[in-house]
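Lettering of chains follows the sequences in order, A, B, ..., and the numbering in each one begins at 1.
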Amino acid sequence: MSGKSSYLEEFSKSKAGMIGLALLLFLLVLSVYVVLAYPSNIASTWNNPESWQGNPAKAPPTWVTLLGVDAPPSLEFKGGQWANASVGSGNYNYSQSYTFKWTSKVTPSNIVFSPRFSGTPLEAEMTWSKPDGQSIVIYIASPQTNSNYDATDQDISQWIHQFVEAQTGTLQGTVTFGEELDALFDADGPNLLSNPVLQGTYHVRIDVLSRSPIALSPSSSLTVDGRSYGIMGTDLYGRPIQLGILLGLPYALELGAVTSVAAVVFGVVFGGISGYIGGRRDGFMQWFTLVFLALPALPFLVAISYSFTLSLISEALLIAALSWPFYAIIARSVALSVKSQAYVEADRAMGISAFRTFFTHFMPRLTPVTIAYTVLGIPAGILLAQTLAFLGIAPPNIVTWGGILDEAFVQEAALFGWWWWVFFPGMMIVVVATPFVLVGFALDKIVSPKVSAK
Amino acid sequence: MTLLEAKGLSIVFPTSRGEVKAVDQVDISLGEREFVGIAGESGAGKSTLALGMLRLLTPPGKVVAGEVLFHGTDILKLTDEQFRKDYRWTKLAMVFQGSMNGFTPVFTIGSQLKEVLALHGREASDSTISKLLETVDLDNSIASRYPHELSGGQKQRAFIAMALSLEPEVLVTDEPTTALDVITQATIINLLKRLRKELGISVLLITHDLALISEAVERLYVMYAGGVVEEGPSIDFFAKPKHPYSQGLLTSTPTLTSNEIKGIPGFLPDLANLPPGCRFTPRCPFAMEVCKRDYPPLKGVGGERVACWLY
Amino acid sequence: MTFRRFLVVKTISYAVALVATVSILYVGIYPSLQRVIKDQATAEGQQFQQSLVRAHANLTQKQIGQQVAAFKATFLAQFGFNQPLPVKFALQLQNLFTFHFGSSYFTLAPNGSNQVSSIIAAYLPNTIVLFTTGTILVVLAGSIVGLLAARSAGGKLDRSIPFIAVFHSSLPTWWVGFLFIAFFAYTLNLFPSGGINSVPPPVGLVPRFGDFLLHLTLPLAAFFVVNVGGFAYVIRSLVFSTMGEDFVLTAKARGISNNRILFRHVLRTVSPSIATQSILNVASSFAGAITVEVVFRWPGLGLLTYDSILSNDLPVIIATTFILTIVLLLGLYLGELCYGVLDPRIRSG
């Protein structure tokens, strides 16, 4: 039997194993970054649709533009200083101008104005000037700080509707949300709603009027929601898939690791002892293994989640309690083959205690197998946990890929062609599981008794 | 007349440390109705030689030089299919070192005997089977048993019955008696002796146990580290072995007349990294300068041929 | 051990295991089960009260209250409330084993019944069809691929199997189902995106069966694709180690052709191990099988569980868990019997 260093040496020769290890380190570093970079209550931000209104919803990744898809990214204007002018008789006016160039042939998906201030302003006035010189003026009465005003809000839409009626004669009540954006971006005239999008420079001027001095914050913003977002797009609520994937990473890894260590260590020791002692006690231990093997992990965990609130650790331990039998069965067969080897017999003949033999001859043979299966067990744990999350069972306040996919399923993302919402979270499960499997297989190949060596 | 003959046969196993020369330029012949033994300690290349001659080497092991003639035909040059159809078991049968495990565990002995008969177009009736089992002194009831239900000796006999089922011309037996108790060992050897006489086949017997075959074989090869070091009629050999290795091998076997067992000190050389001269030199009590330098050719000494610079 | 003895020992051992497994399940669901029973008592009590008022208009409020309380107490007594814990345990277990799951909160069986047992009876066969067909396909194809790979050791097939197996170990079945729906159903329009038959179903037995097969294809394919690689990998290793055994060499010496050695001698020898592996496969692919139902809206117990989670239909969840446990144990038991039939050390005495 070769020593530990030769295991390492053999492992370093396995290309797949080394690639797996490199990927693994990368994921680990990434997940440490996530834990450090985001506040611990990020999950509640994630679950609150309000927080994501500034993002385009159902937007594909930005890089689809490289494939010839006309999907403009979002533009956000933020951080500018407000010009301050007192306009007699106790009225105050604060203003700011934004200018942007629109080159796409499609309208953006929304516009969002988010004022941030202290005080009680009378009104906010947005003057939207198109490249052809036409302007739409929007008056928002008594604007609220921390609110997001978008084209779906009546505060904004009623003025657009008036503009549409003035241009085309379309009745105000019949203008739809998509047509509101057409009105803001299309060439003017009686065919405003079917005209092409105007490419060129847009000017937007915001004036805030107040009867008393107020403090407008530079974090007020105007966002033109595009039709694409980030590396992985957004979901129905405008949440960036890439963020969800990052936030789900530490959970997946931690749960996989805890599950697998607990299940494998218990399973291997249990199966090892069972195979080692043999006889009636082995029979009973095998039966005991069967009892747990027969518990269907998924429905059982679902049912249990109605009795007890899951935490990450309790979920991991429960999954472990349901997956150890697999390792026990494997360990038992390894133990049986070790047992049939001559030196175990020799030890018995020499009167060395069974306990001692277990630790001198069994554990050294079982340990490498244990390590290999621990590594292989991690993706199994990750998979089961994500599956549970997909069914809606997960510890509270944790972002899971399974949960994201569940929402994609409920919203019929596959039907509507929002492939990025389905593809990336699922792919992430595969990406996280694969390195473990690669490393596990490489280890398994090294530590399993060799077939060809004869 | 020569029936089966290996000429300059070399077999290597490529490993990470280099090529292991398991069999190195060996000449061996077996005459019609002859009983020939090949002796040597384990690792000497006897089994590999036998497997190579019967085209049973498992990759990566391969024959790199030499030929194997059967009735003058080089059987190594035949296609797999041709050799399988015309030679395997019908002309060349073998009883293996692991013949205990030579039966497929999930079929009865009878069905396996029938299979081999039927596959080669022979009559596979119950009476043929019981006749076959009778030749090896086994009861007819064995046919309906599974291998795990038989004792080691019974399995070995049943396997010999299977080896004889197609009346082959050559029977190669590789350590047919290891893992059997002493009494069963003797009966198996006696069985082989009897069958050779009755059926008129030629037997090539491979063993590490010289005492066991001293009475049985007519001629003997002694192999050491992949090469033949001594060859001759067993009468001459057992009267006075010539090669220092043969002498050591014989004294390390217990006999009825002497209680003293002397082993040969040292180990087999590394076959992947052979010294240039005689391979026995490091363990030889008579080693000379020339032994380290040159490999000794086989030359006639008395009625035998020996590869040793002493002669 | 004779086969009959094997059968008796295994049957007893599985029967006892069933009770033990269900007991563990019982401990896990104890709080929710009690809640469900009390809810049922309240619901039945209200019904009783209404029928009482309707039938006997002359009863006073107090008399009604007393009778309803007595009714509730009798109902709860059936489930061992007011009894010591062991009796309660035995009674409730008895109710589970006799399929007395009570009535569901929301879900209805196709025949309109709200009895959980009728709901389960309607959904269970679909799960069994999908899971059994899938497992048989995986075992058959996996065995053949594994054998072929082992035959040409080092060949293309042999080298690609570990990669397929890597895939197997990292793919969620339901996600694959998702992708299949997006691609085969919505993009290519080759297969229906879900369900078990078209609405309305076609007329005639043959078109109807064809329609059913069309709906079965995608969920089955998703289950198959995810599981076959891992199974082939296991079979390949099994066959590989068997190929090194003495009987293979001696069979070759006997002039038996390589194909016959592989497909008769080796396959027959490893078949008990294949049975064992199939058992493990059944256990490990179970979760995938019932989630694939969800994405394909295949009306089996998996979908039933999912829908019940969404509607918090606790009685149905408890019942599906219990039934799935029994199904899984039954699958394991059948696998064990296959093993017994295939291994001559058990079959012959």
Side-chain angles (χ1 to χ4, degrees), chain B residues 47 50-51 53-60 80-109 111-113 115-122 144-149 155 158-159 162-163 165-166 168 171-172 174 179, chain C residues 1-3 5-6 143 147 149-155 158-159 235 238-277 337-349:
Chain B
S47 298
L51 293 173
M53 287 170 76
L54 297 190
R55 298 185 50 165
L56 286 171
L57 286 173
T58 30
D80 278 345
E81 193 54 22
Q82 214 176 357
F83 182 70
R84 182 177 76 78
K85 273 200 178 135
D86 300 341
Y87 291 86
R88 286 206 192 282
W89 228 242
T90 54
K91 298 202 169 81
L92 301 162
M94 182 165 178
V95 175
F96 293 82
Q97 196 165 358
S99 287
M100 303 283 176
N101 311 315
F103 286 103
T104 306
V106 288
F107 299 125
T108 59
I109 304 294
S111 75
Q112 299 194 49
L113 282 167
E115 180 188 29
V116 83
L117 286 166
L119 274 180
H120 292 92
R122 309 292 170 90
S144 60
R145 304 263 197 91
Y146 285 94
H148 72 270
E149 298 170 295
K155 268 190 270 190
F159 202 87
M162 179 142 77
S165 59
L166 305 176
L171 179 65
V172 179
D174 184 6
Chain C
M1 206 196 293
T2 64
F3 185 63
R5 195 175 124 79
F6 169 81
S143 302
L147 277 165
R151 180 171 65 173
S152 54
D158 185 38
R159 273 175 295 150
I235 299 304
L238 270 175
V239 173
F240 231 56
S241 61
T242 311
M243 295 281 264
E245 290 200 20
D246 293 325
F247 77 83
V248 175
L249 186 68
T250 70
K252 189 180 176 192
R254 274 179 263 158
I256 300 173
S257 69
N258 286 340
N259 274 338
R260 195 179 163 88
I261 293 176
L262 188 67
F263 287 105
R264 193 176 142 80
H265 292 253
V266 173
L267 179 58
R268 188 61 190 73
T269 305
V270 296
S271 57
S273 313
I274 293 182
T276 311
Q277 286 303 327
L337 291 192
C338 284
Y339 176 86
V341 172
L342 290 170
D343 192 339
R345 270 158 289 197
I346 291 169
R347 192 180 41 186
S348 68

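- Proximity to chain B (any heavy atom under 4.5 Å) is shown, for C:R264, by both the backbone and the side chain.
- Side-chain contact between C:K252 and B:L56 is present, with heavy atoms from C-beta onward closer than 4.5 Å.
- Counting heavy atoms from C-beta outward, B:L51 and C:L249 have side chains that approach closer than 4.5 Å.
- In this structure, the portions of C:S257 lying under 4.5 Å from any heavy atom of chain B include both its backbone and its side chain.
- Here the side chains of B:W89 and C:I256 are not in contact, with every heavy-atom distance at 4.5 Å or above.
- In this structure, chain C has a heavy atom under 4.5 Å from the backbone of B:R55, while its side chain stays farther away.
- Ranked by non-hydrogen atom pairs under 4.5 Å with chain C, the options B:R88, B:H120, B:R145 are led by B:R88.
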Run the side-chain contact (heavy atoms from CB on, under 4.5 Å) check on C:T269 and B:F107 step by step: do they pass? CA-CA 9 Å; C:T269 305; B:F107 299 125; 5.7 Å; no
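- Formation of a donor-acceptor pair under 3.5 Å by the B:R84 side chain with backbone atoms of C:G255 is found in this model.
- Residues B:Q112 and C:R254 meet the side-chain proximity criterion, which asks for heavy atoms closer than 4.5 Å.
- Contact of B:L119 with chain C is made through the side chain alone, with heavy-atom distances under 4.5 Å.
- In this structure, no portion of C:A251 lies under 4.5 Å from any heavy atom of chain B.
- Residue contact with chain C, scored on non-hydrogen atoms closer than 4.5 Å, is absent for B:L166.
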